[in-house]
J.: 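Just passing along the structure, written as structure tokens.
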Amino acid sequence: ITWAIILAILILCLIFVRDLKVEPISKRQIAIETIVEGLNNFFEGILGDEGKRFIPLLEAMVIYIGFANIMGVFGLTP
């Protein structure tokens, strides 16, 4: 199940980052940027400037754990 979660996240990333533009941006891009910026601000508020290098790792962990919990709702246990 863990590999299925990783594959699902990879496929979603490939779908969501296709055709990103500077101008004009789509609603999908606005949603993605809002989520990423929210996670960045959340972790930057906790870690400060000294911990900025750990933010991408923590964001990846949050996304994986979120997907694992959603899979648990459907009866699949990682």
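Note that the coordinates shown come from a computational prediction; the quantities given were computed from them, not determined experimentally.
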J.: Under 4.5 Å between side-chain heavy atoms, hopping through other hydrophobics if needed: is there a path connecting Ile32 to Ile15?
T.: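 No: no chain of side-chain contacts under 4.5 Å links Ile32 to Ile15.
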
J.: Between Ile6 and Phe67, does a side chain to side chain contact (heavy atoms under 4.5 Å, CB included) hold up when you go through it step by step?
T.: CA-CA 9 Å; Ile6 293 170; Phe67 268 85; over 6 Å; no

J.: Determine, using the 4.5 Å side-chain heavy-atom cutoff (strictly less than), whether Val17 and Ile11 are members of one ILVMFWY cluster.
T.: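 Different clusters.
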
J.: For Ile9 and Tyr64, work out which heavy atoms get closest and say how close.
T.: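 Minimum heavy-atom contact is CD1-CA, 4.0 Å.
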
J.: Say you draw a straight line from CD1 of Ile5 to CG of Leu10; how long is it, rounded to the nearest 0.5 Å?
T.: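 These two atoms lie 13.5 Å from each other.
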
J.: Could you check whether any side-chain heavy atom of Val62 comes within less than 4.5 Å of a side-chain heavy atom of Phe42, counting everything from C-beta outward?
T.: no

J.: Rounded to the nearest 0.5 Å, what separation is found between the CD1 atom of Ile65 and the CD1 atom of Ile70?
T.: 12.5 Å

J.: Is Leu7 reachable from Ile63 through a run of I, L, V, M, F, W or Y residues, each pair having side-chain heavy atoms under 4.5 Å apart?
T.: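 Different clusters: Ile63 never reaches Leu7 through Ile, Leu, Val, Met, Phe, Trp or Tyr contacts under 4.5 Å.
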
J.: Should Ile25 and Ile35 be counted in the same cluster of Ile, Leu, Val, Met, Phe, Trp and Tyr side chains packed under 4.5 Å apart?
T.: no

J.: In Å, rounded to the nearest 0.5 Å, how long is the span from CG of Leu58 to CZ of Phe54?
T.: 8.5 Å

J.: Applying side-chain hydrogen bond (donor to acceptor under 3.5 Å, both in side chains) as the test, list every pair that has at least one member in residues 36-55; sequence neighbours left out.
T.: none

J.: Got a sec, which pairs hit side-chain hydrogen bond (donor to acceptor under 3.5 Å, both in side chains) with one end in residues 5-31, sequence neighbours left out?
T.: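 side-chain hydrogen bond (donor to acceptor under 3.5 Å, both in side chains) check on residues 5-31 returns Gln29-Glu33.
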
